Amino acid sequence: MAQYARGSAVAVIRLRNPPVNALSRAVLQALEDGLKKADADPSVKAVMICGENGKFSAGADIRGFSAPKRLGGALGPVVSLIESSEKPVVAAIEGVALGGGLEVALGCHYRIAHVKARMGLPEVTLGLLPGAEGTQRLPRLIGVPAALDMITTGKHIPATEALKLGLVDEIVEENTIEAAIRLANKVIGQPLGPRRLSLKPVPKVPNMEAFLDEALAKVKRQARGCLAPELCFQAVRAATQSPFADGVRRERELFQVLLSSGQAQALQYAFFAERAVRRWATPGGASWSSAAPQPVRRAAVIGLGTMGRGIVTSLVKANIPLVALEQDLENLNKGRKAVMFLLEREAMKMEGGAQVLDFHNPARLQFTVDFDLLRDVDLVIEAVFENMALKKEIFHKLSKICKPGALLCTNTSALNIDEIASATNRPQQVIGTHFFSPAHVMRLLEIIYGRHTSPTAIATAMQLATALKKVGVVVGNCFGFVGNRMMFPYVQQAVFLLEEGSRPDAVDQALEDFGFKIGPFRMSDLAGLDVGWRSRKDQGLTGPSLPAGTPARQRRGQRYSPLPDLLCEHGRFGQKTGKGWYLYEKAGGRTATPDPWLLNFLSQYRDTHGIQTRFIDQEEILERCLFSLINEGFAILAEGIASGPEHLDVIYINGYGWPKHRGGPMFYASTVGLPRVLAKLQKYSEAHPDVPGLQPSAFLKKLAAVGNPPLKEWMSYLSQQSSKL
Ligand SMILES: CC(C)(COP(=O)(O)OP(=O)(O)OC[C@H]1O[C@@H](n2cnc3c(N)ncnc32)[C@H](O)[C@@H]1OP(=O)(O)O)[C@@H](O)C(=O)NCCC(=O)NCCSC(=O)/C=C/CCCCCCCCCCCCC(=O)O
C-alpha cells in the first residue's frame with residue numbers, strides 16, 4: 001500500500017495502490033507508518049515520497065466517500081505530520097498528483113516534478129473541496145488568484161505551468177526519482193521553517209476584498225446551481241482572513257457540508273458512469289472484453305457542412321490524416337475555408353501547449369471532390385444532411401470504392417442504421433457515429449450498432465472516440481437512438497405547455513434554474529426550427545403530404561402541436577432569421593428577448609383552438625418535461641437499446657447540457673424516488689390521455705412495484721433483453 005525503503009541517508013516511501021495510487025485507508029496508514037519509521041531512524045536524514053508505476057497519486061479513493069465510515073479528515077493530519085517532520089521531505093511527482101495526492105505533496109518541504117506530470121485539485125468536479133488543508137496551503141504557496149483558479153475550476157495544470165506558479169521547485173526531463181533523491185541529499189541540514197507552508201503568510205493582493213468579490217461573482221455565474229465551487233471559494237477566502245489553524249477548521253466544516261450533499265454523490269456517480277460506459281456490451285453478447293479494434297491510419301469525411309467541418313477539425317486535432325470530400329468545387333471551397341478558420345482558431349488556443357496542428361500539409365489533410373481518393377482509407381465518416389435517399393446513395397458508392405476492411409460510419413441523429421447499411425455490400429462494417437454540434441467541442445459520441453454491425457466495428461468506433469478525446473457511448477438502433485429519443489417527449493411537453501398557457505421564457509427559465517445550460521426554446525432557436533420542420537415533413541406530420549382533413553392538433557390519434565410548424569411558415573427559423581421563439585437583434589443575433597408578436601400569436605392560437613389559458617407553475621414545467629424524458633429512458637432500457645442507466649446519464653451530461661451535479665436524468669429519477677416519478681406521470685397522463693409520452697413505462701412501474709431498488713440494481717429486474725445484434 002506504501003512501500004518503505006531506506007537508501008543511504010534518504011528513506012523512500014512509495015505510494016502503492018494500482019492503477020492510480022488512490023489514497024485509501026491502508027495507503028494512508030502505511031504512509032503514516034513510513035514517516036514515523038523514518039523519524040525514529042537516526043541514520044535517515046531525509047525522506048522522499050513518490051508513487052508506484054510512474055504516478056504520484058490521483059488523490060483520495062473516491063469510492064471511499066460513499067463508504068459507511070467516511071474519512072473526511074483522515075488525510076489532513078498525515079499532511080501535517082509530513083510538514084512537521086524535522087527531516088526534509090521531498091515529493092517526486094511523476095504522472096499525476098491530483099486532489100489528496102497534491103495535498104500530500106504540499107505537505108512536503110520540496111516538490112520536484114517530471115516535465116510530463118500534471119497537477120491539480122479536482123475535488124470541485126466531484127462536488128467536494130480539497131479537504132486535507134489544500135485550500136490553506138496552496139494560496140500561501142502560489143498566491144490567492146492562481147490558487148482560487150485551480151481550486152474552483154479543478155483544472156489540471158502541466159508541470160511547466162506548475163513551475164511558473166511556484167507550485168514545484170524544479171522540473172526534470174529524465175529520472176524524477178533520482179533527481180528527488182539528489183535534491184533530498186542536498187538539502188539535508190538546511191532550515192525547514194521557510195519550507196513549511198502552514199507558517200507562511202498568504203501573499204497580499206492589492207484590494208483583496210474587491211478582488212474576492214469579483215471572483216465570487218464569477219464563480220457563482222459559472223456554477224449554475226452547483227454548490228462546490230462557491231464553498232471552495234469560501235475556504236480559500238478563509239485563508240485570506242484567518243490564521244492557518246482557523247482556516248483549516250473552516251475548511252473541514254465546509255468539506256463536511258459538501259461530503260453529505262446529494263450533489264457530491266451525483267458528481268461521483270457521474271465520474272464512475274463515464275468510465276463504466278467504456279465497458280460496452282450488446283444484448284447479442286459482443287463486448288469490449290472480447291472485441292478488438294482495427295487501426296485507423298487514414299480517414300475520410302464526406303460533407304463539409306457544420307457537422308463535417310467540426311468532425312474534420314476533431315480528426316486533425318487527434319493527428320489522424322484524412323481526406324475531406326464535398327460534392328462540388330463550390331461547396332468544397334466554402335467548406336475548406338471554414339475548416340481552415342476553425343483549425344487556425346484551435347491552433348491558437350493550443351499555443352504554448354505541446355501539440356502543434358499540422359493541417360497545411362496535404363499528406364495529412366486533403367480536400368477533394370473525387371471519391372476515388374477514398375480507396376485506401378480505413379474509416380469514412382459520412383456527414384451529409386439528414387436525408388435517407390442521399391445517405392443510401394453515398395453508402396452504395398462507398399461500398400464499391402472503399403477497400404474491403406474500411407469502416408463506414410454515418411453521422412446521423414435519428415436515421416435507421418440498418419436501412420443505410422442495406423445499401424452496401426458490407427452491413428457488418430456500417431455503424432452510426434452521432435456527433436454533437438459543434439463536433440470539435442462537444443464531448444459526446446453516440447455510437448449506434450445496427451443488426452449486422454460487427455463487434456470489431458463497435459470497438460473501432462469506441463477507439464476513435466477515445467482518440468478524439470470524446471466519450472463514446474454504445475447504443476442500439478431506434479428512431480432518435482438514445483439522446484434524441486429521450487429529447488422528443490421533453491420538447492413535446494415544452495410546446496404543449498405553451499399551448500396551455502405558458503411562455504417560452506418561463507419554460508426556459510424553469511429548466512435553466514434546474515441547471516440546464518440552455519432551455520428548450522433557446523436551444524431550438526439556436527439549432528434552427530427548420531431542422532425539425534424538415535424532419536416532420538419527411539415523416540408526413542406536416543406539409544403537403546398531410547392528408548386533407550387531418551385535425552390541426554392530432555396526428556395518428558395522438559396529441560400534436562403544430563406551433564413549431566406555424567412559426568416556420570412565418571419564416572421564424574430562430575437565430576438565423578432573427579426571430580423564432582424569441583426576437584433577436586438581427587438575423588444571426590444571439591441575444592434573445594421575449595417577443596410581443598409571439599405572445600399575441602399564442603393567445604390567438606389558443607382562441608382559435610378553444611384552449612383555456614391557465615397559469616402553469618415551475619413545478620409542473622419541470623415535472624412534465626423531465627419526467628416524460630426519464631419515462632422514455634425506462635422504455636429504452638427495457639428494450640435493450642442501452643445496457644444501463646449510466647449510459648443514458650453520460651449521454652445527457654455530455655451531449656444535452658444536463659447539469660452534472662444532478663447526475664443525469666436516470667440518477668436524478670433515483671434521487672426523486674421512482675414511486676414519486678410514477679405517481680406524477682400517472683397524474684399527468686390522466687389529464688392528457690392522448691399523450692403517450694406521459695403514460696408510465698412498464699419498466700418504471702415494475703421498479704416502483706418492487707420497492708424502488710437502487711439504480712445499480714435496476715437492470716437485474718429486466719427478465720430478458722431483446723437482441724439487437
Ligand atoms: C487522470 C486520472 C487519474 C487517470 O486518468 P486515465 O488514465 O484516463 O484513467 P481512468 O480510467 O480515469 O482511471 C483508471 C482507473 O482508476 C480509477 N480511479 C481514478 N482516480 C481514482 C480515485 N481518485 N479514486 C478511486 N479510483 C480512481 C478509475 O475509476 C479507473 O477505474 P475503473 O475503470 O473505474 O475501474 C483520472 O482517473 C482522474 O482524473 N481521476 C480522478 C482524480 C481526482 O478527482 N482526484 C481527487 C479525488 S478526491 C480527493 O482527493 C479529496 C481529498 C480531500 C481530503 C479527503 C480526505 C479523505 C482521504 C481518505 C480516503 C479514505 C478512503 C477510504 C477507503 C478505504 O476504506 O480504504
Side-chain angles (χ1 to χ4, degrees), residues 1-2 15-32 51-80 93-107 116-138 150-151 153-158 228 231-232 235 248 251-252 254-259 264-265 267-280 288-289 443 462 465-467 469-472 646 650 660 712:
M1 288 288 132
L15 306 172
R16 183 190 265 180
N17 187 11
V20 292
N21 300 324
L23 304 172
S24 63
R25 212 185 264 266
V27 172
L28 288 188
Q29 189 57 58
L31 175 57
E32 188 178 335
E52 173 99 330
N53 281 336
K55 289 181 185 115
F56 190 76
S57 166
D61 183 342
I62 302 168
R63 290 183 209 274
F65 291 126
S66 52
K69 192 165 174 249
R70 293 173 179 148
L71 278 181
L75 181 57
V78 180
V79 177
S80 291
I93 301 174
E94 297 173 295
V96 288
L98 298 172
L102 184 57
E103 290 176 295
V104 165
L106 288 171
K116 290 201 174 139
R118 284 183 296 139
M119 279 148 266
L121 292 174
E123 287 87 340
V124 67
T125 63
L126 299 168
L128 298 171
L129 55 77
E133 307 177 1
T135 64
Q136 306 305 300
R137 281 198 179 83
L138 191 64
M150 279 184 74
I151 293 172
T153 64
K155 69 180 183 193
H156 300 185
I157 59 166
L231 269 61
C232 281
V248 166
E251 179 194 272
R252 278 196 195 141
L254 294 167
F255 184 79
Q256 287 306 326
V257 172
L258 288 175
L259 189 60
Q265 281 153 32
L267 285 160
Q268 287 157 33
Y269 160 82
F271 175 86
F272 288 114
E274 201 171 287
R275 281 147 185 88
V277 299
R278 293 180 199 156
R279 294 184 276 272
W280 59 271
W288 66 282
S289 58
R443 286 189 77 218
M462 277 301 270
T466 310
K469 297 203 168 67
K470 295 195 185 295
V471 190
E646 296 87 354
V650 170
K660 200 171 184 178
K712 59 179 184 307

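Please read all numbers here as calculations on a predicted model, not as lab measurements. For ligands, and for the atoms within them, numbers begin at 1 and follow the listed sequence.
Heavy atoms from both the backbone and the side chain of Arg25 come within less than 4.0 Å of ligand 1. The part of Val20 lying near ligand 1 is the side chain, judged by heavy-atom distances below 4.0 Å. With a 4.0 Å heavy-atom cut-off, ligand 1 is reached by the backbone of Leu23 but not by any atom from C-beta on. With a 4.0 Å cut-off on non-hydrogen atoms, Ser24 touches ligand 1 through its backbone as well as its side chain. Under 4.0 angstrom from ligand 1, the non-hydrogen atoms of Arg279 all belong to its side chain.
Listed by atom number, the atoms of ligand 1 under 4.0 Å from Leu28 heavy atoms are 59 (C). Here is the list of ligand 1 atoms found below 4.0 Å of a heavy atom in Leu75: 56 (C), 58 (C). Interface of Gly64 with ligand 1, defined as ligand atoms under 4.0 Å from a residue heavy atom, comprises 62 (C), 63 (C), 64 (C). Near Phe272, with a cut-off below 4.0 Å to any heavy atom, the atoms of ligand 1 are 29 (O). Within ligand 1, the atoms closer than 4.0 Å to a non-hydrogen atom of Arg63 are 34 (O), 35 (O), numbered from 1 in the order shown. Here is the list of ligand 1 atoms found below 4.0 Å of a heavy atom in Gly99: 46 (C), 50 (O). For ligand 1, the atoms closer than 4.0 angstrom to any heavy atom of Gly100 are 49 (C), 50 (O), 52 (C).
Atoms CZ and CD, on Phe65 and Glu123 in that order, are 7.5 Å from each other to the nearest 0.5 Å. In this structure, CG in Leu126 is found 12.5 Å from CD in Gln265, a value given to the nearest 0.5 Å. Atom OG1 of Thr125 is separated from atom CD of Gln268 by 9.5 Å, given to the nearest 0.5 angstrom.
Under the 4.0 angstrom criterion for non-hydrogen atoms, Lys55 is not in contact with ligand 1. Look at Leu128 and you'll find every heavy atom at least 4.0 Å from all atoms of ligand 1.
When all heavy atoms of Val277 and Gly472 are compared, the pair lying nearest together is CG2-O, 3.9 Å. Of all heavy-atom pairs spanning Leu75 and Leu28, the tightest one is CD1-CD2, 3.3 Å. The nearest pair of heavy atoms linking Lys55 to Val20 is CD-CA, 4.1 Å. The two residues His156 and Arg118 come nearest to each other via the heavy atoms ND1-NH1, 2.9 Å. When every heavy atom of Arg137 is checked against every heavy atom of Leu106, the shortest pair comes out as CD-O, 3.6 Å. Between Met150 and Gly120, the shortest heavy-atom contact is CE-CA, 3.8 Å.
Within the 3.5 Å criterion, the main-chain N or O of Glu52 finds a donor-acceptor partner in the side chain of Asn21.
Relative to atom 42 (C) of ligand 1, the option among Gly101, Ala58, Gly127, Gly59 with the closest non-hydrogen atom is Ala58. Nearest to atom 23 (N) of ligand 1 by heavy atom, out of Ala60, Ala22, Ala74, is Ala60.
Of the residues Val124, Leu128, Leu258, Thr135, the one that meets the side-chain contact (heavy atoms from CB on, under 4.5 Å) test with Leu231 is Leu258.
Ligand 1 has an N or O atom lying under 3.5 Å from an N or O atom of Arg278, backbone or side chain. Not a single N or O atom of Leu98, backbone or side chain, sits closer than 3.5 Å to an N or O atom of ligand 1. At a 3.5 angstrom cut-off on N or O pairs, Glu103 does not count as close to ligand 1.
Arg25 is not listed as a side-chain neighbour of Asp61, based on a closest heavy-atom distance of 4.5 Å or more.
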